[in-house]
Protein chains: 2
Amino acid sequence: MISQMRRFNRTVTQRIGALDDTFLSRGRPLGQARVLWEIGTGGIQVRTLRSRLGLDSGYLSRLLRALEAGGLVVVGADPGDGRIRTVRLTQAGLAERAELDRLSDERAASILRPLSGRQRGRLAAAMAEVERLLTASMVSIAAADPRHPDARHCVREYFAELAGRFDGGFDPARSISADDDELTPPAGLLLVATLRGDPVGCGALKFHGGAPTEVKRMWVSPAIRGLGLGRRLLAELEARAAERGAHTLRLETNETLTEAIALYRAAGYREVDAFNSEPYAHHWFQKTLT
Amino acid sequence: MISQMRRFNRTVTQRIGALDDTFLSRGRPLGQARVLWEIGTGGIQVRTLRSRLGLDSGYLSRLLRALEAGGLVVVGADPGDGRIRTVRLTQAGLAERAELDRLSDERAASILRPLSGRQRGRLAAAMAEVERLLTASMVSIAAADPRHPDARHCVREYFAELAGRFDGGFDPARSISADDDELTPPAGLLLVATLRGDPVGCGALKFHGGAPTEVKRMWVSPAIRGLGLGRRLLAELEARAAERGAHTLRLETNETLTEAIALYRAAGYREVDAFNSEPYAHHWFQKTLT
DNA sequence: CAAGTTCTCTGACTAAAGTCAGAGAATGGA
DNA sequence: TCCATTCTCTGACTTTAGTCAGAGAACTTG
């Protein structure tokens, strides 16, 4: 329950407010405290630290010197690359971080203390709901080059999932193609959904001139299913297709992809006769854009 | 929905995180931005501003000079008291504040935009629930002197409510006494519940040596009923009574106070024969502390 | 009306936060 | 091997934030 509360805290303050480091500083300047916390128990590269906290390199360097002087961290050269430096917490630093962790837990607990058991349960449920929905709203969708690492990641995951779910696996080479060029404007397009910078879903279009536009590569990361991202991706694809003058969208799918089939039906796609010979397909759908 | 979102924001960031003024600053130092916002559209006394934001008087004075130099505020003498100064926003200041307001609304709207109608509804409900419960958890209960303004306020409101609800009104003089001395240790005690510094409920004990301890003055502000404060007050009274060695608690109540009666029953009080001649009472309850 | 209080302001500080321009070592690629 | 790039560090700043001690005007109270 407490860790749930803290996760909520993180999401909400990140999305809605600022981080509350103030109470974490414990007499220390806030900048130092934030660095101390962000180093984590396993150590971290200085460059990573800098980009995560968005700090000036000179400023961070000085913060590290101060922490070093306090005996809380040690900075050493990275074994792989001599330019990069790595920070680790010392015993004292780890103890300090553990104390901050404890204080943070206690703070969460102090919020729960006045509530009855029933109220705590309801608070937890409501916080989880808020967190889920705010997370959903943080997902952003943008057109991407199919060669971009994020796009590659999504397509790889998509294929892996098909291979796992289809009876007898999945071999992309046997399936109807949708290669990089076919998903690059003007031939087609690929949308990638990202959450906090990580790719979490995709969807693509293949244009065929006056003939119906094909929907391909619809995939949502299992980690964030149930947040309506599939619907958003599909709606965005439809909007893009309409912009390009498409009147009809078509897609085919495998019988094992039940959520996808439900999604297409809910989005107004009607099942039609097979319009191609995709070996992995059992269902063919079509929708007329209005 | 947006104002609900912003109310939630305020509660959550106040309770869980820090205020997010950063995005409100718009190139201005944070301190100035906070002051600008807090002045409000109607103007404010400098002393109020200082206590609300918890600023040093010298610091605030300088912040006001800076805003004045920027043409955003005017500082003038208070008409009633020449020592007090009053700040008002100029046209430019009002425009700036309106802009901050707009940005804040837009920020809330941008969170909602990616969500479907259903999701928005669920988010609103969950946020309201979280806000309600965090508010409940912000109420603090402490023993107070019955002569303290907060205590007076509660008792006054309590009497006013009885007068409104009882058939034929309520005259404290006809009721069994529970005057200041009787509610002051060691004769008795008064608990006052406060929310953000405002009194929102009370409850009292009258000790009678070896005889059962009386519960008096149970009241919760209508504004925050349904948050379990009555139960908390009663539990706290019972704990205090137990500390003082009490074994039995007693109370009487009027038939019109149905929520109170339900509360007492739920808390384990059993209805007993009249043990006093309180003219306004219809029910007498008793509980043995274990 | 004298004495104490309240309120705001200025001067004189300190500490923290953050910026910018290099210097110098290490690395990767032509 | 040389040159551009990456990465960290130092020096030399500026701006914010915040504190503390009084001064002086305006009010309150005995």
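Letters A, B, ... mirror the listed sequences (proteins, then strands); counts begin at 1. Because the structure is predicted, anything quoted here is derived from the model rather than measured.
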> Nearest to the side chain of B:Ile84, which nucleotide is it out of D:dC9, C:dC7, D:dT8?
Replying inline: C:dC7

> Between A:Leu49 (CG) and D:dT8 (C1'), how many Å, whole number?
Replying inline: 13 Å

> Do B:Asp179 and B:Glu182 come within less than 4.5 Å of each other through their side chains, counting heavy atoms only?
Replying inline: yes

> How close or far is atom C1' of D:dC27 from atom CD of B:Gln45, stated in whole angstroms?
Replying inline: 14 Å

> For the pair made of CG in B:Asp78 and C1' in D:dA25, what is the distance, rounded to whole Å?
Replying inline: 14 Å

>> Can you give me the closest heavy-atom contact between A:Ala178 and A:Lys216, atom names plus distance?
In response: CB-CE, 4.1 Å

>> Is the shortest side-chain heavy-atom distance between B:Val46 and B:Ile84 below 4.5 Å?
In response: no

>> Could you tell me if the side chain of A:Pro146 sits less than 4.5 Å from the side chain of A:Thr184, heavy atoms only?
In response: yes

> Just by protein heavy atoms under 4.0 Å, how would nucleotides 17-30 of chain C read 5' to 3' in B, S and -?
Replying inline: SBBB-----BS---

>> Rounded to whole Å, please give me the gap between CZ in B:Arg85 and C1' in C:dT10.
In response: 13 Å

> Could you state the CZ-P distance from B:Arg47 to C:dT5, rounded to the nearest angstrom?
Replying inline: 17 Å

> Any idea which heavy atoms bring B:Arg52 and B:Ile44 closest together, and the distance?
Replying inline: NH1-CD1, 3.7 Å

> Checking B:Thr194 side chain against B:Pro199 main chain: does a donor-acceptor pair fall under 3.5 Å?
Replying inline: no

>> Nearest whole Å is fine: how far is C:dT8 P from B:Arg65 CZ?
In response: 11 Å

